[in-house]
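Have a look at the structure below before the remarks.
In listed order, ligands and their atoms are each counted from 1.
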Amino acid sequence: MNSIEQNLVRIKKSLPEEITLVAVSKTKPVSDLMEAYNAGQRIFGENKIQEMTQKWEEMPKDISWHMIGHVQTNKVKYMAAYVDTIHAVDSLKLLKEINKQAAKHNRVIKCLLQIKIAKEESKFGLNEIDALDILNSEEIGTLKNVDIIGFMGMATFTEDQKQIENEFEKIYSFFEIQKSKNTKLTTLSTGMSGDYKLAIKNGSTMVRIGSSIFGIRNYN
Ligand SMILES: *Cc1c(COP(=O)(O)O)cnc(C)c1O
C-alpha cells in the first residue's frame with residue numbers, strides 16, 4: 001500500500017517545478033490531511049464550504065485553502081475570512097458577493113473563472129464570451145477585494161485522450177490570448193489525477209489532484 005506521503009513525493013517529482021499542486025482532500029479526514037501537511041503540502045482543495053471550514057478550524061493556519069467546487073452565493077460568507085482562492089466562479093453576481101464578504105474581513109480573495117470545456121451537460125462554467133463579458137465589465141474595476149487571476153476548467157470524464165487534450169488545448173489558447181491583454185491572468189487550473197499530464201502538456205499552471213494522493217474516495 002502507498003502512504004499519502006509516498007504518493008505526494010512521487011507526484012511532486014513528476015511535476016515541473018513551476019506547477020502549483022492543490023491537494024484535493026474532500027471527504028478525507030483531518031488525519032489524512034495532516035499526513036500530507038507533515039510531508040510539506042500547504043495547499044488543500046475542498047468542494048464543500050462547511051467541510052472546508054471545519055478542517056480550517058482544526059488545522060495549522062499556514063495552509064492555503066482552495067474552494068474548487070461550485071459555490072452558492074449565500075454561502076460565501078462562511079469562508080470569506082480565510083479562503084485563499086475560489087476556482088469555480090461562474091457569474092458576476094457571485095464575484096460581487098465574494099467581493100462584499102472579503103471586504104468585511106479586509107481581504108482580497110483570488111478567483112478563477114470556470115470555463116466550460118467539457119461536452120457533458122452537467123458541468124458548470126462559463127462560455128468564453130460570458131467570461132469576457134465579466135472580465136471586461138465596467139464593474140470589475142470597482143471590486144477591490146477580489147483578484148481574478150485566471151481560469152479553471154474540467155475536461156470531459158472519458159477514456160478518449162484526444163478529446164481531453166482538445167478540451168485542454170482550447171482553454172489554454174483562450175488563456176494565452178487573454179493573458180497577453182491582462183497581466184493579472186497568471187493561473188490556468190486544469191488537470192486532475194487522471195489527466196494532469198495532458199493538462200500540463202497544454203499549459204496548466206495549477207493541478208488539482210485528489211485520489212492519486214489520498215486514495216479513492218468513499219462518499220458514504
Ligand atoms: C474532486 C475534484 C478534483 C480531484 O479529482 P481526482 O480525480 O481525485 O484527482 C479536481 N477538481 C475538482 C473540481 C474536483 O471536484
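- Judged by distance alone, the side chains of S212 and Y196 never bring a donor and an acceptor atom under 3.5 Å apart.
- L132 and L185 fall within the same hydrophobic cluster, defined by Ile, Leu, Val, Met, Phe, Trp and Tyr side-chain heavy atoms under 4.5 Å apart, directly or through other members.
- Nearest to atom 11 (N) of ligand 1 among the protein's heavy atoms is R208 NE, 2.8 Å.
- By the criterion of a heavy-atom distance under 4.0 Å, the side chain of K26, and not its backbone, is placed next to ligand 1.
- Of all atoms in ligand 1, listed by their number and element, those nearer than 4.0 Å to a heavy atom of M154 are 13 (C).
- Note: no N/O pair closer than 3.5 Å links N47 and ligand 1 by distance alone.
- Every N/O-N/O distance between M152 and ligand 1 stays at or above 3.5 Å.
- I68 CD1, 3.5 Å is the protein heavy atom nearest to atom 12 (C) of ligand 1.
- An N or O contact shorter than 3.5 Å is missing between S212 and ligand 1 by distance.
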Inset, instruction - Go through the steps to decide whether I140 and L92 satisfy the test side chain to side chain contact (heavy atoms under 4.5 Å, CB included), and finish with yes or no. - result: CA-CA 8 Å; I140 217 74; L92 187 57; 4.0 Å; yes
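- Between K26 and E51 there is no salt bridge, since no side-chain N of the basic residue sits under 4.0 Å from a carboxylate O of the acidic one.
- For ligand 1, the atoms sitting less than 4.0 Å from at least one non-hydrogen atom of I209 are 9 (O), numbered in the order shown with element in parentheses.
- Not close to ligand 1: H87, with no non-hydrogen atom less than 4.0 angstrom away.
- A side-chain N or O of E97 and one of Q101 form a donor-acceptor pair less than 3.5 Å apart.
- At a threshold of 4.0 Å, the pair E167-K170 does not count as salt-bridged, since none of the basic side-chain nitrogens sits closer than that to a carboxylate oxygen.
- Atom 5 (O) of ligand 1 has M192 CE, 3.6 Å as its closest protein atom, hydrogens excluded (heavy atom only).
- Summary of contacts: the protein heavy atom closest to atom 9 (O) of ligand 1 is S193 OG, 2.5 Å.
- Every atom of ligand 1 with a heavy atom of G210 under 4.0 Å away is listed here by number and element: 4 (C), 6 (P), 8 (O), 9 (O).
- Using a 4.5 Å heavy-atom cutoff, the side chains of L112 and I149 are in contact.
- Side-chain contact between L33 and E46: present, with at least one pair of heavy atoms (C-beta onward) separated by less than 4.5 Å.
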